[in-house]
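Read through the structure below, which is laid out as structure tokens, and then see the notes.
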There are 2 protein chains.
Amino acid sequence: MPRSTRHDPETTVRRAAHLFWERGYHACSLKQLETALDMRPGSIYAAFGSKESLFRAALMAYYEQLHQGMTQVLASHERVLDGLAAYLRQLAVEATMQPDNEEAAPVPACMMVKTLLEATVDTPGLEDTVNDLFDRIERDLTTTLETARDQGELAADVDCARLARLWQAQIMGLRTFAQRRVDAEVVTLLAEDMIQAMPVT
Amino acid sequence: MPRSTRHDPETTVRRAAHLFWERGYHACSLKQLETALDMRPGSIYAAFGSKESLFRAALMAYYEQLHQGMTQVLASHERVLDGLAAYLRQLAVEATMQPDNEEAAPVPACMMVKTLLEATVDTPGLEDTVNDLFDRIERDLTTTLETARDQGELAADVDCARLARLWQAQIMGLRTFAQRRVDAEVVTLLAEDMIQAMPVT
DNA sequence: ACTGTATTTGAGCGATCACTCAAGTTATAA
DNA sequence: TTATAACTTGAGTGATCGCTCAAATACAGT
């Protein structure tokens, strides 16, 4: 008997993620979300419950996409450190192309980082969620590096958790820097300098 | 004949900076500012004109403090690269102590970075201001490095602008990473790993 | 003490905020 | 075809937003 949904939940969340990613949580009004999702407030609240719940769903979707992209690049390189270098180069490219369609990044900076810096004590749900996602990435990268170490790619005494966090901080720094009004080449050169600086052990 | 001001402008701006730094631009309401400044809306608007103007004044004050702190650390070390390493260590320390008084940092992350990521097309004044401040820091650091290079501390072929941006990105990465819920030691180790990674040329 | 002026006050402005819900709509099962 | 349940609508909720301004206040010069 039930009626099927008019809106595909995945598409809805993806569109919300795009707007939240571009403008941040507080600067996104429900009016703007209604327009972006082509849904009226009643539908939005029936489907997601609150603006914060919708944001969390959007952030999770963003994370999934990010994680998948990173995993793909790492998997396509023999050595993990080569994969990380390639990933940093890819981020530099993505950060320096202007957003031409709705699939591309609306801004250079990472939505997770933007959320990390925008969350306050008034939005504990956002803090918890974003911290959990950063933990996941750190653990995932640590495990990947440990596998590489056990296979002899890295020296046996390398602290993979520290190395993972060093790379994570490079990614944060690169994409945040790219949010500045700078030429594309500056971002590209920064990525190369970061890659050059990272330990090759 | 005129009446003198009851509020010291510098103190007022410093208090506003503290609140804006902690909560960001959009999450700060005028009600909260009224409490923090102990001023009523009429006084605030007579003195600063708008919330955005007050924020820009606060951001400028933050920058001045930041610039002064960095300059002091750099000046107290013979070699510039040693000074930058010391500055990174100082940031790690500051980022990992809980804010006990109103002088201390309310959050680990940099207010300029938070502003850079929070600004949108709706707040062009913030984008312009924060980009100008990042440019100033980059130029200042570039000049400092060039002086060091000309004095033989760095190799003659070093691109000081690139090196300055690499260090700026490290600072961004460190303080943004420190906003995560992580142990103090993790931030300290990250700073050490960054210092280790930076070119010694 | 008195006057003049810069500063401060706080009630209140229209606009917008996130959100609700009764009514309408539509796809599916009987 | 009809009944039913899920979905969607959109006017409207009280609260809060950034901000204004006429009146009150307090200091400096006479």
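So you know, we letter chains A, B, ... as the sequences are listed, proteins then strands, and number each from 1.
For A/F55 and C/dC17, the CZ to P distance is 17 Å, given to the nearest whole Å. Atom P of nucleotide C/dT16 and atom CG of B/L30 are separated by 17 Å, given to the nearest angstrom. In this entry the distance linking NZ of B/K51 with C1' of D/dT16 reads 12 Å, nearest Å. The distance between atom CD of B/E34 and atom C1' of D/dT20, rounded to the nearest whole Å, is 13 Å. Rounded to whole Å, atom P of D/dC17 lies 18 Å from atom NZ of A/K31. Look at CG on A/L33: it is 11 Å from P on C/dC17, rounded to the nearest Å. In this structure, NE2 of B/H7 is placed 16 Å from P of D/dT25, rounded to the nearest angstrom.
Atom CD of A/Q65 has 12 or fewer neighbouring heavy atoms from other residues, nucleotides or ligands inside a 6.0 Å radius.
Side-chain contact between B/L145 and B/L81: present, with at least one pair of heavy atoms (C-beta onward) separated by less than 4.5 Å. For the pair B/R175/B/P108, no side-chain contact is recorded, criterion being any heavy-atom separation below 4.5 Å from C-beta on. Side-chain contact between B/L88 and B/M198 is absent, with no heavy-atom pair separated by less than 4.5 Å.
Looking at residues two or more places apart in sequence or on another chain, you find a side-chain contact (heavy atoms from CB on, under 4.5 Å) between A/A148 and A/V80, A/E153.
Salt-bridge check for A/E34 with A/R40: failed, with every basic side-chain N at 4.0 Å or more from each acidic carboxylate O.
The stretch residues 14-25 of chain B has no heavy atom under 4.0 angstrom from DNA chain D at all. Shown for residues 36-48 of chain A: residues whose heavy atoms fall under 4.0 angstrom of DNA chain C, namely A/P41, A/G42, A/Y45.
Ring planes of A/F20 and A/Y25: parallel class, angle under 30° (limits at 30 and 60°).
Between the side chains of B/Q168 and A/R180, at least one donor N or O sits under 3.5 Å from an acceptor N or O.
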